[in-house]
Amino acid sequence: MGLFSKLFKGPEIDMEKSAENAKKMRVLFNQAVDDGDNYRLIFGYTEDVSRFNYGFVHGSKTKIGNLIVGWNEASLTVVVVPTVPDLSGCGCPTYYRRTEILKAYRNKYPTDAFIIYPDKKGYIGINAYDWLEDETLYVYVSQDEELAAFTEFFMKKFATK
């Protein structure tokens with residue numbers, strides 16, 4: 001079974017732990033982003049570690065970059081803050097404003113990812129699921145409702161045509 005297919009769905013979701021991690025995500029995001037309360041949040045991850053190598057800086061041996069992803073519908077902005085799976089710290093935010101990006105789209109293959117090209121030099125692929133089993137690699141958080149809202153925002157207001 002591949003890394004990206006290691007999804008675990010079922011009644012065993014620890015909602016208390018999930019809620020605790022969601023609060024930690026909010027605190028970290030608000031520390032990194034001045035108007036953080038104006039953003040809704042999901043947890044995501046990326047393999048594009050050239051842009052977000054916070055895990056390497058903190059001794060992680062994985063090539064997965066954990067991300068706190070915030071979005072603001074009014075300003076059509078996505079903000080990505082790199083973090084580590086235990087949410088003990090975060091890196092600097094990167095802003096993707098709809099008016100400033102080259103293109104953005106949802107890529108369904110080989111993984112379901114939200115792709116943003118800020119320019120012609122590189123891109124960020126944001127992968128997100130309801131929650132992931134391997135807590136050594138990912139933040140444990142249930143986010144079905146927020147992920148649906150982010151998907152709708154991304155596809156209807158942020159993605160380029």
Heavy-atom side-chain contact between [X] and [Y] under 4.5 Å:
| X | Y | answer |
| --- | --- | --- |
| Trp71 | Ile42 | yes |
| Met15 | Ser142 | yes |
| Ile116 | Phe154 | yes |
| Leu102 | Tyr123 | no |
| Tyr105 | Phe114 | no |
| Val69 | Val79 | no |
| Lys24 | Val27 | no |
| Tyr39 | Val78 | no |

Can you list the steps and then say if Ile126 with Leu67 is a side chain to side chain contact (heavy atoms under 4.5 Å, CB included)?
-> CA-CA 8 Å; Ile126 301 168; Leu67 310 171; 4.3 Å; yes

Which atom of [X] lies closest to which atom of [Y], heavy atoms considered:
| X | Y | answer |
| --- | --- | --- |
| Val141 | Ala22 | CG2-CB, 4.1 Å |
| Cys90 | Val81 | CB-CG1, 3.7 Å |
| Ala32 | Pro93 | O-CG, 3.4 Å |
| Ile115 | Gly125 | CD1-CA, 3.8 Å |

Donor-acceptor contact below 3.5 Å, side chain [X] vs main chain [Y]:
| X | Y | answer |
| --- | --- | --- |
| Asn66 | Leu137 | yes |
| Tyr95 | Val80 | no |
| Asp144 | Leu147 | no |
| Thr83 | Met25 | no |
| Asn72 | Asn38 | yes |
| Asn21 | Tyr140 | yes |

Could you tell me which residues satisfy side chain to side chain donor-acceptor pair (under 3.5 Å) with [X], sequence neighbours excluded, listed by chain and number?
| X | result |
| --- | --- |
| Lys17 | Glu135 |
| Glu146 | Arg40 |
| Ser18 | none |

Under the side chain to side chain contact (heavy atoms under 4.5 Å, CB included) criterion, do Leu76 and Arg97 qualify, and how do the steps go?
-> CA-CA 6 Å; Leu76 296 179; Arg97 293 174 183 87; over 6 Å; no

[atom1]-[atom2] distance between [X] and [Y], expressed to the nearest 0.5 angstrom:
| X | Y | atom1 | atom2 | result |
| --- | --- | --- | --- | --- |
| Phe158 | Arg106 | CZ | CZ | 15.0 Å |
| Arg26 | Asp37 | CZ | CG | 5.5 Å |
| Glu73 | Lys156 | CD | NZ | 10.5 Å |
| Ile124 | Thr46 | CD1 | OG1 | 3.5 Å |
| Lys23 | Leu87 | NZ | CG | 13.5 Å |

Do the side-chain N and O atoms of Asn127 and Asp112 include a donor-acceptor pair separated by under 3.5 angstrom?
->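 No - no donor-acceptor pair under 3.5 Å links their side chains.
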
Please check if the distance between the ring centroids of Phe43 and Tyr129 is under 6.0 Å.
-> no

Begin from the C-alpha positions of Tyr96 and Thr77 and carry the test side chain to side chain contact (heavy atoms under 4.5 Å, CB included) through to its verdict.
-> CA-CA 6 Å; Tyr96 300 99; Thr77 303; 6.0 Å; no

Criterion side chain to side chain contact (heavy atoms under 4.5 Å, CB included) on Thr160 and Arg98, from CA distance to verdict = CA-CA 8 Å; Thr160 57; Arg98 175 64 180 80; 3.6 Å; yes

